[in-house]
Protein chains: 2
Amino acid sequence: MTKVYGCPVEVTLDVLGGKWKTVILRYLSNRALRYSQLQQRMPNITQRMLTLQLKELEEDGLIQRVVFEERIKRVEYSLTEYGKSVEPILELMCEWGKQRMREFNLQVRTMGTSGG
Amino acid sequence: MTKVYGCPVEVTLDVLGGKWKTVILRYLSNRALRYSQLQQRMPNITQRMLTLQLKELEEDGLIQRVVFEERIKRVEYSLTEYGKSVEPILELMCEWGKQRMREFNLQVRTMGTSGG
DNA sequence: CGGTATCCTATGTGATACTG
DNA sequence: CAGTATCACATAGGATACCG
């Protein structure tokens with residue numbers, strides 16, 4: 001049942017494609033984040049989607065999920081070493097997107113990507 | 001009705017996302033190609049999809065469509081200057097995809113991406 | 001040759017309620 | 001807090017026939 005690709009970019013798109021994964025990865029690119037912290041940064045994602053995408057990213061080896069059994073449960077997601085290898089792609093995509101936004105006057109809901 | 005993005009990578013994904021666009025762009029990255037030549041290189045795409053994706057890429061300013069009114073109609077697609085600005089992204093995606101293929105033993109229907 | 005038109009299915013995504 | 005489960009909907013993508 002191994003899927004056959006016509007071009008290597010398809011492989012990459014299989015892993016990074018869809019509405020949310022690149023965004024999630026970019027947030028995790030800065031630092032490890034909890035489930036709830038990702039939610040805050042992505043107000044428009046549903047819990048279902050967040051859970052689903054995180055699971056797929058984990059299965060694809062890009063992120064790791066660590067559970068801290070404290071008084072209140074805490075789960076942190078972070079990039080694996082392998083996951084870090086997509087950072088250059090994300091970086092380029094982000095720069096290209098910013099440039100396009102400038103040229104076409106598109107808008108971003110700025111929510112302090114800045115200082116942190 | 002202007003769409004608002006939460007992260008610039010979404011902008012890029014709006015333009016490059018989906019099953020076919022990056023593949024098309026990579027083929028056009030080498031040289032201009034005719035409609036039928038693209039079809040040959042992508043045996044699995046339907047005419048509907050090819051037409052649709054080409055039209056969207058054109059509307060997004062990445063490719064241009066030139067009609068040659070010869071004895072038989074000929075239409076060539078090629079990257080615009082703006083379209084060439086995505087080449088670094090495609091290149092990285094391709095390299096990353098190849099690496100992943102090696103690591104996970106995935107397959108590509110090799111059809112002379114090589115010298116040609 | 002380079003498309004359109006029409007119909008259909010699969011997948012992706014969202015809303016909402018519920019849980020250990 | 002960090003999820004699941006279920007249902008519903010929109011969009012992406014495919015099959016097929018036809019057109020200038």
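Quick note on labels: first sequence line is chain A, next is B, and so on, each numbered from 1.
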Under 3.5 Å: donor-acceptor pair, side chain of A/Ser29, backbone of A/Leu25: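 Not at all, since once roles are kept as given, no pair shorter than 3.5 Å links the two residues.
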
Sugar-phosphate, base or nothing in reach of A/Arg65, heavy atoms under 4.0 Å: sugar-phosphate

Sugar-phosphate, base or nothing in reach of B/Phe68, heavy atoms under 4.0 Å: nothing

D/dA2 OP1/OP2 closer than 4.0 Å to side-chain N/O of A/Arg74: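 No, A/Arg74 has no side-chain N/O under 4.0 Å of OP1/OP2 on D/dA2.
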
Residue-phosphate contact under 4.0 Å: A/Tyr77 side-chain N/O, D/dC1 OP1/OP2: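 Answer no for this pair, as no side-chain N or O of A/Tyr77 is under 4.0 Å from OP1 or OP2.
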
Polar pairs (N or O, both sides) under 3.5 Å between protein and nucleotides 18-20 of chain D?
none

The helix from C/dC1-D/dG20 to C/dG20-D/dC1: angle between end helix axes, five pairs per end, rounded to 10 degrees: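 The angle separating the two end axes equals 50°.
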
DNA chain C contacts among residues 49-60 of chain A, heavy-atom distance under 4.0 Å: A/Met49

Interatomic distance, A/Asp14 CG vs C/dT11 P [rounded to whole Å]: 12 Å

No-H, no-angle donor-acceptor pair, B/Arg48 side chain to C/dG3 base, under 3.5 Å: no

Pairing of A/Glu95 and A/Lys98 as salt bridge, 4.0 angstrom limit: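 Looking at A/Lys98 together with A/Glu95, the answer is yes, because their closest N to O distance falls below 4.0 Å.
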
Derivation of the ring pair (Phe, Tyr, Trp, His ring centres under 6.0 Å) call for A/Tyr82 and B/Trp96: CA-CA 11 Å; A/Tyr82 181 55; B/Trp96 195 87; 5.5 Å; yes

